[in-house]
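A quick note: this is a predicted structure, and the numbers were derived from the prediction, not measured. As the structure lists them, so they are numbered: ligands from 1, and atoms in each ligand from 1.
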Amino acid sequence: MHDVVIIGAGPAGLSAARWCDELGLDTLLLEQNEEVGGQLLSVHQPIENYLGVRATNGRELRDRFVEQTKDCDFDLWTNVEIESVDLKARRVALRSGEELRSIAIIIATGLRRRKLGIPGEDEFIGRGIIESSGDRNAFAGKDVCVIGGGDAAAENALLLAEVCPTVTLVHRGKKLRARREFSEQLHTNHCITVFPESVVRRIIGSEQVVAVEIERAGAIKPFQMAVQGVIVRIGFAPNTELVRDQVGLDERGYVVVNAAQETTMENVFAIGDVANPLAPTIPGAVGGGATAAKLIASRLKG
Ligand SMILES: Cc1cc2nc3c(=O)[nH]c(=O)nc-3n(C[C@H](O)[C@H](O)[C@H](O)COP(=O)(O)OP(=O)(O)OC[C@H]3O[C@@H](n4cnc5c(N)ncnc54)[C@H](O)[C@@H]3O)c2cc1C
């Protein structure tokens, strides 16, 4: 029996664990991946906007977070597969057969990448679908297509343009949603072509990806463009499958919380991106962890 079980060890979960530990709560942090850090592990550009720390990429910031939890006493279990969660009973069942009980649960499961749901997207995983621009050297010298119009798409297009002769960024909107500095760099980079008001309908290939089929607004019919790599960055969806029927969610599936990060279920909290549809950020996630921990400690310790 723990005071607190935290599910997810991104910035939110790590912050909550750090605070819970400092406040004297017996805390267990569960992470499904081998490594902690969540989305930070897929940030390859410098992080300049987290006050007090400048990091050359997300992994460096993650390392600093981990460093700052080194003297803590909370338990961290990675590679954990959660079978089910009973929020009312505050019971977490693991696929290994173990059952965990706690007084409070903090949901910090963050977001996952959305998929397009088009033919070829799953079929060519590992055969031309680019999982991360961190793997860009495997695509050096190849023509690639980036799908999406936000920060992640823009960032990936810029990184791929360092090694690829042509990068075509295809997005639905009239204008990119990416932050200004990214958009400016995209438009001045001679390797990158931007197709606005366009949709990729399918990814084509046999052994490997050879082309994408694109539909452009105003064009009479779709056309095929030869590429050997495709990366999809069309946004995120909250990881709420475990708790979907047990706490209030908004229309997009994010956990509804009050200002103290409390969900609609007593002694169950949600923090970070999974409960922040409007402004998902590292400081938001870290702050939510502190808020939830302080409230739990004040209830349990008085
Ligand atoms: C390319 C990119 C650039 C970004 N740049 C910035 C920036 O400059 N500044 C900024 O403030 N923010 C930035 N962000 C956003 C920032 O990374 C997120 O807001 C932050 O990581 C959210 O933290 P989190 O802990 O809520 O969620 P996440 O980082 O998503 O972590 C959630 C964790 O929960 C784990 N998990 C999920 N389900 C389960 C389960 N069932 N069991 C166990 N564990 C589970 C996941 O594996 C993951 O480790 C960027 C994001 C991206 C992708």
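- The local environment of CZ in Arg54 is sparse, with at most 12 non-hydrogen atoms from other residues, nucleotides or ligands closer than 6.0 Å.
- Considering both main-chain and side-chain atoms, Val274 never comes within under 3.5 Å of ligand 1 through any nitrogen or oxygen pair.
- At a heavy-atom distance under 4.0 Å, no atom of Trp77 approaches ligand 1.
- Ligand 1 places these atoms under 4.0 Å from at least one heavy atom of Gly38: 29 (O), 31 (O), 48 (C), 49 (O).
- Glu121 places no side-chain N or O within 3.5 Å of a backbone atom of Val232 that could act as its donor or acceptor partner.
- The backbone N or O of Leu25 lies less than 3.5 Å from a partner atom in the side chain of Thr27, making a donor-acceptor pair.
- For the residues Ile282, Thr109, Val286, Asn156, the heavy atom positioned nearest atom 6 (C) of ligand 1 is part of Ile282.
- With hydrogens and angles disregarded, no donor-acceptor distance shorter than 3.5 Å links the side chain of Ser15 to the backbone of Pro11.
- Of the heavy atoms in Thr281, both backbone and side-chain atoms come closer than 4.0 Å to ligand 1.
- When only non-hydrogen protein atoms are considered, atom 23 (O) of ligand 1 lies nearest to Pro11 CD, 3.3 Å.
- In this structure, Pro238 and Val255 have side chains that are not in contact, with every pair of non-hydrogen atoms separated by 4.5 Å or more.
- Atoms of ligand 1 found under 4.0 Å from any heavy atom of Ala108 (numbered from 1 in listed order, with element): 32 (C), 33 (C), 34 (O).
- Note: no N/O pair closer than 3.5 Å links Ala152 and ligand 1 by distance alone.
- Of all protein heavy atoms, the one lying nearest to atom 25 (O) of ligand 1 is Ala12 N, 2.9 Å.
- In terms of modelled atom types and a separation under 3.5 Å, the side chain of Thr263 and the main chain of Val247 share no donor-acceptor contact.
- Protein heavy atom in closest approach to atom 9 (N) of ligand 1: Asn49 OD1, 3.0 Å.
- Every atom of ligand 1 with a heavy atom of Pro280 under 4.0 Å away is listed here by number and element: 19 (O).
- Regarding atom 18 (C) of ligand 1, its nearest protein heavy-atom neighbour is Asp273 OD2, 3.2 Å.
- Atom 14 (N) of ligand 1 lies below 4.0 Å from none of the non-hydrogen atoms of the protein.
- Counting only non-hydrogen atoms, the option in Val36, Val43, Leu94 that gets closest to atom 4 (C) of ligand 1 is Val43.
- Close approach of ligand 1 to Ile82 (heavy-atom distance below 4.0 Å) involves ligand atoms 42 (N).
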List the steps, then state whether salt bridge (Lys or Arg N to Asp or Glu O under 4.0 Å) holds for Arg299 with Glu266. CA-CA 12 Å; Arg299 285 200 186 143; Glu266 207 183 346; over 6 Å; no
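- By the neighbour-count criterion of 12 heavy atoms within 6.0 Å, atom NE2 of His190 is sparsely surrounded, having that number or fewer from other residues, nucleotides or ligands.
- For ligand 1, the polar-atom distance check against Asn33 finds a nitrogen or oxygen pair separated by under 3.5 Å.
- Between Arg179, Gln32, Arg113, Gln39, it is Gln39 that holds the heavy atom closest to atom 28 (P) of ligand 1.
- Other residues, nucleotides and ligands contribute only 12 or fewer heavy atoms inside 6.0 Å of the CZ atom of Arg180.
- In this structure, the protein non-hydrogen atom closest to atom 41 (N) of ligand 1 is Leu242 CD1, 3.4 Å.
- Among Glu155, Glu31, Glu83, Glu34, the residue whose heavy atom lies nearest to atom 46 (C) of ligand 1 is Glu31.
- Using a 4.0 Å cut-off between heavy atoms, Val80 makes no contact with ligand 1 at all.
- Taking every non-hydrogen atom of Leu111 and a distance limit under 4.0 Å, the qualifying atoms of ligand 1 come out as 30 (O).
- Close contacts of ligand 1 with Pro283, meaning ligand atoms under 4.0 Å from a residue heavy atom, involve 11 (O).
- Cation-pi contact between Arg216 and Phe223: absent, since separation from the ring centre below 6.0 Å together with deviation from the ring axis within 45° is not met.
- Atom 34 (O) of ligand 1 has its closest protein heavy atom at Gly8 CA, 3.2 Å.
- In summary, the atoms of ligand 1 found under 4.0 Å from a heavy atom of Gly272, numbered by their order in the structure, are 26 (O).
- For the pair Arg244 and Glu241, the salt-bridge criterion is met [side-chain N within less than 4.0 Å of a carboxylate O].
- Atom 27 (O) of ligand 1 has as its closest protein heavy atom Gly110 CA, 3.4 Å.
- In this structure, the separation between CD1 on Ile234 and CD1 on Ile147 is 8.0 Å, given to the nearest 0.5 Å.
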Just do the side-chain hydrogen bond (donor to acceptor under 3.5 Å, both in side chains) check on Glu262 and Asn258 with the steps written out, would you? CA-CA 5 Å; Glu262 290 173 291; Asn258 64 15; 2.8 Å; yes
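- No donor-acceptor pair closer than 3.5 Å links the side chain of Glu22 to the backbone N or O of Arg18.
- Of all the atoms in ligand 1, the ones that sit under 4.0 Å from a non-hydrogen atom of Ala285 are 23 (O), 26 (O).
- Classification of Arg201 and Glu213 as a salt-bridged pair fails, no side-chain N sitting under 4.0 Å from a carboxylate O.
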